[in-house]
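Written out below as structure tokens is the structure these notes cover.
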Amino acid sequence: MKKIALIPGDGIGPEIIEAAVRVLDAVGRFEYVTCYAGGSAIDRFDDPLPETELEKMKACDAVLMGALGGPKWDNLPGGKRPEAGLLRLRKGLNVFANLRPVKIYPALKEASPLKNSVIGDGIDIMIVRELIGGIYFGRRQEGDEVAYDTLEYSADEVRRINEVACRLAGMRRGVVTSVDKANVLASSRLWRKATVAFYENHPEITLNHLYVDNAAMQLVVNPRQFDVIVTGNMFGDILSDEASVITGSIGMLPSASVGYPGEIALYEPIHGSAPDIAGKGIANPIATILSAALMLRFSFDMNDEADRIEAAVEAVLNKGLRTADLGGGEASLKTAEMTEAILSELK
Ligand code: NAD
């Protein structure tokens, strides 16, 4: 039986993780191990990620997380804060590829800031961002008059992120767009060269290249041209946030952070712990439920079960059922009611 490390975390985290577990239990049998990170770990252990908790996670087959952080821990020094636990968690699990599917459901078109004519019959993009290299991890020096950060990539790092992008494209429409700044940056020229060389062995994939400034424009002008976007850490950070707002609500978007095939991966909604609505039972559980579906697809090879969960989510949206963040107004469903609606579709 697959063993899932659950990190309920802080704020709305426990509420949305409970919802995801109910959905997981409706499609399969899993063993759960509750782990602590972030604020809940600080309260228990005075440490946002104790080594013992990380070891507990590593002994599982995948990690499903709610969200970490909140105002209660905001005044702690840097290394003691919940965010420090999150960075150590990603590094500790060696998850070098962050996957963010960006999908606009036809039923939620009105929630998108893009025009209907741009959205057409829907947008479905997978952004693959390199997560533990590039300028965020390069040598840096900080002075009062001069400071620098360095952007370094090796051909190996480019190859391994493209292995992930290529696998995903093979499961989708077979088109990869690599985003760089090769007209200016040496590291981008290496990125492009290594990317071109990689796809020479994958003729089944169509490879395109875009400069990052153009890619930022294309995402809002013609997002339907994209299938898989692969890019470095900082470009991916910016583009994935831009892409996520075009879907309308932050409560809808899942993410996966993965390493080498067969190694442990981390699944979480892209939103935070939403302290403003914590404890009210009104959080949208869909991003976490879809993160659980990604876990089934990528970590457990349970594609049918993942398809069923995704179809159930789409079906409740098509019926007009909405939580408050989706503009449900007076008729808004609470977290538990939305979860029930998804469970009934699964039956
Ligand atoms: P947030 O994503 O928690 O909330 C932003 C807004 O979106 C809020 O109004 C919130 O109510 C709403 N929202 C978010 N998720 C929702 C959901 N599922 N259903 C309905 N509404 C939802 O971002 P924030 O307020 O900037 O951050 C709050 C805390 O979360 C901070 O401590 C931050 O550091 C942390 N955070 C954690 C993660 C993570 O664990 N990966 C990510 C982002 C922020």
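Values reported hereafter were calculated over all heavy atoms of this structure, with side chains retained and with hydrogens, waters and symmetry mates removed. Counting starts at 1 for both ligands and their atoms, in listed order.
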Original post:
Do NZ/NE/NH1/NH2 and the carboxylate oxygens of Lys181 and Asp213 come within less than 4.0 Å?
Top reply: yes

Original post:
Will you find, in the side chains of Asn233 and Tyr153, an N or O donor that is under 3.5 Å from an N or O acceptor?
Top reply: no

Original post:
Side chains of Gln218 and Asn214: do they bring a donor and an acceptor to under 3.5 Å?
Top reply: yes

Original post:
Got Ser291 and Leu64 here, is their nearest side-chain heavy-atom distance under 4.5 Å?
Top reply: yes

Original post:
Does the distance from a Lys or Arg side-chain N to an Asp or Glu carboxylate O, for Lys72 and Asp43, drop under 4.0 Å?
Top reply: yes

Subject >> Lys56 and Glu53 ion-paired at < 4.0 Å >> reply: yes

Using a cut-off of under 3.5 Å, which N/O atoms of ligand 1 pair up with protein N/O atoms, and what distance separates each pair?
from, atom 1, to, atom 2, distance (Å)
ligand 1, 2 (O), Gly272, N, 2.7
ligand 1, 3 (O), Gly272, N, 3.4
ligand 1, 3 (O), Ser273, N, 3.2
ligand 1, 3 (O), Ala274, N, 2.8
ligand 1, 9 (O), Asp276, OD2, 2.9
ligand 1, 11 (O), Asp276, OD1, 2.8
ligand 1, 11 (O), Asp276, OD2, 3.0
ligand 1, 15 (N), His271, ND1, 3.3
ligand 1, 18 (N), His271, NE2, 3.1
ligand 1, 18 (N), Asn284, O, 3.0
ligand 1, 19 (N), Asn284, N, 2.9
ligand 1, 30 (O), Ser273, N, 3.0
ligand 1, 30 (O), Ser273, OG, 3.2
ligand 1, 32 (O), Gly70, N, 3.0
ligand 1, 34 (O), Glu83, OE2, 3.0
ligand 1, 40 (O), Leu68, N, 2.8
ligand 1, 41 (N), Glu268, OE1, 3.1

